[in-house]
Each structure stands twice: as C-alpha cells, then as structure tokens.
**Q** 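Please find one structure pasted underneath; my questions will follow.
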Amino acid sequence: MIKYLLVFCCCICAHFSVIAQDSILGNWKGVITQDDGGYRSEYEFELYLKKEDKLITGRSYVYVDEIYAEMALSGFTLNDQIFHFTESKVVRSRKLPQLEWCLKGAALELKRTGSGWELRGRWQGVSNGGNCIPGEIILKKVVPRV
C-alpha cells in the first residue's frame with residue numbers, strides 16, 4: 001500500500017513540474033524599472049517565450065513613448081521556480097541619439113497568484129557605455145484569447 005502511495009505522489013509531483021515548466025512559455029506583459037539615474041524609472045516590457053529542445057528562447061520588448069527595442073534572448077528554468085534569461089542582441093530598435101540599449105539578464109521568480117502566473121525579480125545589464133543602472137522586472141502571463 002505504501003508503495004502505491006509513493007508512486008502516486010511521484011506522479012502528482014511530476015505532473016505539477018510539467019505544468020510549472022510549460023507555464024513559463026507564452027506571452028508576458030508588465031514593466032521593467034530602472035533605479036535612480038536611468039533615462040526613465042519605468043518602461044513597458046514584454047517577453048515572448050517558446051521552447052527549443054531543452055532551451056527556452058524568444059524575444060523581449062522594451063518601450064516608452066516613441067522609443068523601443070526588440071531583443072533576442074535565451075534562458076532556462078531552475079527547479080521550475082526561477083527563470084534565468086540573457087538577452088544576446090538588439091534585433092531592431094528606435095532610440096534617441098544619446099540613449100544606449102541595455103542587454104539584460106535576470107533570474108525571475110515564477111509564482112502562481114490569484115490572478116494567474118507572475119514573473120518578478122531584479123535585472124542587470126550592459127550597453128556599449130558599460131554597466132547599466134539595474135532595476136526590477138514585474139510581469140503577468142497573458143491569457144490567450146480566441
């Protein structure tokens with residue numbers, strides 16, 4: 001009896017692990033903040049994530065007013081609770097002459113809330129001008145609509 005209970009518990013844990021892993025995939029929207037000294041304190045931020053083999057890849061979008069950047073990224077989940085990602089290049093952008101885009105990296109915590117899935121954590125980055133002023137990322141999973 002204990003043997004069957006143990007097998008049942010393992011199956012349930014494996015099921016929830018797959019649910020959490022698949023929950024990272026898809027569209028995320030929210031904000032990215034920048035600590036004091038940045039161009040703006042808050043920008044709109046989106047992630048579009050898909051799975052390629054064991055790697056999670058996709059695009060990030062940051063925008064405010066008439067400026068924006070689309071960046072390629074890749075990442076992975078750790079224990080189905082933390083999403084680590086790194087942006088590798090700016091795919092396209094529009095910016096002011098004095099502005100440099102940051103290629104960011106972060107470890108975001110994946111949480112289930114009353115209103116759905118949330119990703120949240122601190123980011124750091126680099127630009128052609130050196131280290132960027134870091135900040136926080138706060139995203140909600142976008143529920144697909146028909």
Side-chain angles (χ1 to χ4, degrees), residues 6 8-146:
L6 183 59
F8 176 75
C9 288
C10 288
C11 288
I12 293 294
C13 289
H15 172 74
F16 284 114
S17 176
V18 169
I19 289 173
Q21 187 177 38
D22 287 345
S23 295
I24 198 75
L25 305 177
N27 302 341
W28 297 81
K29 286 188 177 189
V31 296
I32 184 169
T33 67
Q34 197 168 22
D35 296 341
D36 290 343
Y39 174 72
R40 288 281 176 90
S41 60
E42 188 173 286
Y43 307 78
E44 299 295 317
F45 192 64
E46 298 180 25
L47 293 179
Y48 295 89
L49 305 175
K50 61 184 178 179
K51 193 169 193 174
E52 291 183 13
D53 296 320
K54 293 186 179 186
L55 192 64
I56 297 170
T57 62
R59 295 278 197 257
S60 64
Y61 298 86
V62 59
Y63 49 94
V64 64
D65 299 331
E66 298 297 317
I67 61 173
Y68 68 89
E70 174 186 347
M71 296 164 194
L73 67 83
S74 62
F76 62 93
T77 57
L78 181 62
N79 297 329
D80 296 322
Q81 296 175 349
I82 305 291
F83 174 55
H84 290 266
F85 78 89
T86 304
E87 295 171 334
S88 56
K89 66 179 179 178
V90 176
V91 175
R92 83 187 77 164
S93 72
R94 182 184 324 159
K95 66 180 185 70
L96 302 173
Q98 71 273 18
L99 183 67
E100 291 289 333
W101 289 113
C102 295
L103 291 177
K104 297 167 288 303
L108 306 178
E109 185 177 4
L110 175 64
K111 279 188 182 178
R112 178 115 178 136
T113 67
S115 59
W117 290 99
E118 178 181 274
L119 281 172
R120 179 186 289 253
R122 299 281 300 168
W123 68 270
Q124 333 179 15
V126 295
S127 71
N128 290 335
N131 289 336
C132 298
I133 297 169
E136 187 174 18
I137 294 172
I138 305 164
L139 300 168
K140 298 269 186 199
K141 179 127 187 218
V142 176
V143 177
R145 296 178 191 237
V146 180

**Q** Could you check whether any side-chain heavy atom of I67 comes within less than 4.5 Å of a side-chain heavy atom of L96, counting everything from C-beta outward?
**A**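 The answer is yes, as the side chains (C-beta and beyond) meet within the 4.5 Å cut-off.
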
**Q** Checking side-chain contact (heavy atoms from CB on, under 4.5 Å) for the pair T57/L49: CA distance, chi angles, key distance, verdict?
**A** CA-CA 6 Å; T57 62; L49 305 175; over 6 Å; no

**Q** Any side-chain heavy atom of I24 sitting closer than 4.5 Å to one from K51?
**A**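 They are not in contact (no side-chain heavy atoms under 4.5 Å apart), so the answer is no.
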
**Q** How many angstroms lie between CG in L108 and CG in L47, if you round to the nearest 0.5 Å?
**A**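 Rounded to the nearest 0.5 Å, the CG-CG separation comes out at 7.0 Å.
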
**Q** Please test I82 against T77 for side-chain contact (heavy atoms from CB on, under 4.5 Å), starting from the C-alpha separation and ending with a verdict.
**A** CA-CA 5 Å; I82 305 291; T77 57; over 6 Å; no

**Q** Looking at R94 and D65, does any basic side-chain N land under 4.0 Å from a carboxylate oxygen?
**A** no

**Q** Show, in sequence, the C-alpha distance, side-chain angles and deciding distance for W101 and V62, and conclude whether the side-chain contact (heavy atoms from CB on, under 4.5 Å) test is met.
**A** CA-CA 9 Å; W101 289 113; V62 59; 3.5 Å; yes

**Q** When rounded to the nearest 0.5 angstrom, what is the spacing between CG in L73 and OG in S88?
**A** 7.5 Å

**Q** CE/M71 to SG/C102 distance, rounded to the nearest 0.5 angstrom?
**A** 7.5 Å

**Q** Quick one: are E136 and R120 in side-chain contact, heavy atoms under 4.5 Å?
**A** yes

**Q** Just verifying a value: how many Å separate S60 OG and F85 CZ, rounded to the nearest 0.5 Å?
**A**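 If I round to the nearest 0.5 Å, the distance is 6.5 Å.
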
**Q** Among I32, I138, V64, find the residue that satisfies the side chain to side chain contact (heavy atoms under 4.5 Å, CB included) test when tested with F45.
**A** I32

**Q** Could you give me the CA-CA distance, side-chain angles and deciding distance for T33 and E42, then say whether side chain to side chain donor-acceptor pair (under 3.5 Å) is met?
**A** CA-CA 4 Å; T33 67; E42 188 173 286; over 6 Å; no

**Q** Does some side-chain heavy atom of W117 sit less than 4.5 Å from a side-chain heavy atom of K111?
**A**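 In short, these two side chains do not touch, never coming nearer than 4.5 Å.
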
**Q** Considering all heavy atoms of both residues, which atom of G38 and which atom of I133 are nearest to each other, and what is their separation?
**A** N-CD1, 3.5 Å

**Q** Do we see a donor-acceptor contact under 3.5 Å between the side chains of T113 and E118?
**A**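 The criterion, which ignores hydrogens and geometry beyond distance, is not satisfied for E118 and T113.
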
**Q** Out of curiosity, C132 SG to Q34 CD, how far, rounded to the nearest 0.5 Å?
**A**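 C132 atom SG to Q34 atom CD measures 7.0 Å (nearest 0.5 Å).
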
**Q** Restricting to non-hydrogen atoms, name the atom on L55 and the atom on G75 that form the minimum distance, rounded to 0.1 Å.
**A**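 Heavy-atom minimum between the residues: CD1-O, 3.3 Å.
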
**Q** Do Y61 and Y48 have ring centroids that are under 6.0 Å from one another?
**A**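 Here the rings of Y61 and Y48 have centres that are less than 6.0 Å from each other.
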
**Q** Any side-chain heavy atom of Q81 sitting closer than 4.5 Å to one from L110?
**A**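 With C-beta onward as the side chain, the pair stays apart.
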
**Q** For a 4.5 angstrom cut-off between non-hydrogen side-chain atoms, does Y39 reach L99?
**A**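 Sidechains of L99 and Y39: in contact.
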
**Q** Taking side chain to side chain donor-acceptor pair (under 3.5 Å) as the criterion, tell me which of E87, E46, E70 meets it with R59.
**A** E70

**Q** Working to the nearest 0.5 Å, report the span between OG1 of T86 and CH2 of W123.
**A** 13.0 Å

**Q** Is K50 atom NZ crowded by more than 12 heavy atoms from other residues, nucleotides or ligands, each under 6.0 Å away?
**A**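 Not more than 12 within 6.0 Å, no.
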
**Q** What's the verdict on side-chain contact (heavy atoms from CB on, under 4.5 Å) for E109 and L119, showing C-alpha distance, side-chain angles and the deciding distance?
**A** CA-CA 5 Å; E109 185 177 4; L119 281 172; over 6 Å; no

**Q** Do N27 and K141 have side chains that get closer than 4.5 Å, going by heavy atoms?
**A**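 No; the side chains remain at least 4.5 Å from each other.
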
**Q** Are S115 and K140 packed together at the side-chain level, in the sense that at least one heavy-atom pair is separated by less than 4.5 angstrom?
**A** yes

**Q** Please indicate whether E100 has more than 12 foreign heavy atoms, meaning atoms of other residues, nucleotides or ligands, lying under 6.0 Å from its CD.
**A**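 Atom CD in E100 is crowded, with more than 12 foreign heavy atoms closer than 6.0 Å.
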
